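Heads up: the structure comes next, in structure tokens.
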Amino acid sequence: MTLHLYDTATRSERAFTPLVAGKVGIYLCGATVQSSPHVGHMRSAVALDVLQRWLERSGNDVTLVRNVTDIDDKILAKAAENNEEWWARALRYEREFSHAYTALGVKYPAAEPRATGHIQQMVQLIQRIVDNGHGYEHEGSVYFDVRSLPDYGSLTNQALDDLTPATDSPAEHKRDPRDFALWKARKDSEPETASWDSPWGPGRPAWHIECSAMAKRYLGDEFDIHGGGLDLRFPHHENELAQSRAAGDRFARLWMHSAWVTQSGAKMSKSLGNGLLVSEVLDQYHPAALRLALAGVHYRSMLEYADSTLDDATATWARLSGFVLRASDRVGAPTAEQVWVAELPEAFVTAMDDDLSVPRAFAHIHETVRAGNAALTSGDDEAARSALLSVRAMLDVLGLDPASVQWRDDSSTTGALVALDSLVRADIEARSDARANKDWAAADAIRDRLAAANIVIEDSADGARWSLAADD
RNA sequence: GGUGGAGUGGCCGAGAGGCGAGGCAGCGGCCUGCAAAGCCGUAUACGUGGGUUCGAAUCCCAUCUCCACCUCCA
């Protein structure tokens, strides 16, 4: 079976074939950098990151472009509210998003274009739309003429007349109330730094146009996949598609949308103010646990975020990384190269090829971990080695290989940990002697004392090992 | 009103006509001096009412509830 992906435009799963064999161009709508990233924001990034890793693992060269929208109504409004420069605010939150992506092991995109760096491309695109008869100017602003494009609404199956007309903006100068802005004439209330020259006078780009312009610049007139959160389907993606088609571009061949993170069934949202900040979550939990929680649910299913969600993910992470650690100690750690070329179990491949069915893929990972643990117990090193390689290869596809550079615990090589290790080892030896003498009281006293210092002792046939207790 | 989704065991979550995915929690056991970790076993689950079928969580009809988008949102 080859990779099949669900396409929002056709509302069905389709076999995925890149425009150019072996090369995949992906555009992902990134952040509008107006405030701090919350858990929900990370979901589409992690979902597309898994897609990228799976495509690469399947032999493709992936070019993923994830934009930063650093100029829009909200950024200007919030900056004004807080008496700060809009561009300073935008950069501050752009950095927070970058940190969050990095913390979760999301690969760097090939390009991360900012809207403000592409005003020229947007102006050119708007000009083409106007020239083609799909846009019109009114007092320095330019609007998109939705009636002029027969298949407007095709992405989300909307009939123009059924849409509730927007009530938030004056419609008298629009040909149709659903017409949307391409270019906004400068307002005196807005800072001069948020204004650029254009054929229609000074102003700034409206929302939607930046993605059309930047996708074209980096990925061409036609590209493979466009992704984003579910809420972007309409109007954002519908309008992007309309703009690009109106300008004569073919645009995206397949549309992927990731679902919400919800709390008590309701969408996590900036405007609702119920967003769990990434920084808050990472204060309490290992970033791999957060990634695991986000990636572990199918990307098109709602992910209900409850108190137990991260606790569960933490336990799962401990189980996975614990196995990798124990197995590596016993049979040696495969190299990154060996992990990369290892053959993946068929059940795993089938699941991933079926619209990235990560939950099914995970079921197979757990089964392999169980087999690996059993092999460690029974002393079957060959089976343990095979399970270790397989588990790491599968987890690597999900960006969750515990022994990868991203997640490997290198702290044991720091001075403090080396010092601690020698102290704990002395205790472990003392306890071992006590146990040999059946002096259980002394042995337990040592273990209890270490436990009080958050150090966990685990006995095994190979001797005792210690670790710091997991954060929770 | 239009459009797109969802209702699965204590919880999280797959599946989509016939061997009860997987995880967490629980219970029983193995291992252990005791633990921890690990392993084995363990559940009259599929919103409701009808229907089709030898057989339905999966198909059909009806119905209830919830969510999202149509205003900014990943």
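If you're wondering where the values come from, they're calculated on a predicted model, not measured in any experiment. Numbered from 1 within each chain, the chains take letters A, B, ... in sequence-line order.
- Geometric assessment of A/Arg300 against the ring of A/Tyr6 yields a positive cation-pi assignment under the 6.0 Å and 45° thresholds.
- Look at A/Lys438 and you won't find any side-chain N or O under 4.0 angstrom from OP1 or OP2 of B/C34.
- The phosphate of B/U3 (OP1 or OP2) has no side-chain N or O of A/Asn157 nearer than 4.0 angstrom.
- Rounded to whole Å, atom P of B/A35 lies 22 Å from atom CD1 of A/Ile455.
- Nucleic acid contact for A/Ala259: base, since at least one base atom lies under 4.0 Å from a heavy atom of the residue.
- Phosphate proximity of B/C70 to A/Thr156: absent, as no side-chain N or O sits under 4.0 Å from OP1 or OP2.
- None of A/Arg11, A/His237, A/Glu238 except one satisfies the side-chain contact (heavy atoms from CB on, under 4.5 Å) rule with A/Thr156; the exception is A/Glu238.
- Residues from residues 80-93 of chain A that place a heavy atom under 4.0 Å from any atom of RNA chain B: there are none.
- Here the side chain of A/Ala374 is nearest to one of B/C24, B/C39, B/G33, namely B/C39.
- Paired regions of RNA chain B, where each region holds three or more successive Watson-Crick or G-U pairs whose two hydrogen-bonding distances fall under 3.5 Å, are B:1-7 with B:64-70, B:10-12 with B:22-24, B:26-30 with B:38-42, B:47-51 with B:59-63.
- Straight-line distance from the CG atom of A/Asp354 to the C1' atom of B/A21: 14 Å, rounded to whole Å.
- Atom CH2 of A/Trp255 and atom P of B/G5 are 17 Å apart (whole Å).
- Close to B/G5, at under 4.0 Å from its OP1 or OP2, lies a side-chain N or O of A/Tyr6.
- Just one of A/His257, A/His208, A/His226 meets the ring-ring contact (aromatic ring centres under 6.0 Å, His included) condition when paired with A/His236; it is A/His208.
- Taking side-chain N and O atoms only, A/Arg360 has no distance below 4.0 Å to OP1 or OP2 of B/G23.
- Checking the phosphate oxygens (OP1, OP2) of B/G23, a side-chain nitrogen or oxygen of A/Arg370 falls inside 4.0 Å.
- Within a 6.0 Å radius of CZ in A/Arg95, no more than 12 heavy atoms belonging to other residues, nucleotides or ligands are found.
- A sub-4.0 Å separation between OP1 or OP2 of B/G22 and a side-chain N or O of A/His366 is absent.
- Note: CG (A/Asp162) to C1' (B/G4) measures 14 Å, nearest angstrom.
- For the residue pair A/Trp86/A/Asp70, the side-chain donor-acceptor check at 3.5 Å is not satisfied.
- The pair A/Asp7-A/Arg253 does not count as a salt bridge, with every side-chain nitrogen at least 4.0 angstrom from each carboxylate oxygen.
- Following rounding to the nearest Å, A/Asp459 (CG) and B/G38 (P) show an atom-to-atom distance of 14 Å.
- Using a 30° and 60° split on the angle between ring planes, A/Trp317 and A/His286 fall in the tilted class, from 30° to 60°.
- Closest heavy-atom contact between A/Ala45 and A/Val106: O-CG1, 4.2 Å.
- Rounded to a whole Å, the CG atom of A/Leu320 is 10 Å from the P atom of B/G38.
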Practice task
Test A/Thr350 against A/Asp353 for side chain to side chain contact (heavy atoms under 4.5 Å, CB included), laying out the working first.
Solution key: CA-CA 5 Å; A/Thr350 302; A/Asp353 271 346; 5.9 Å; no
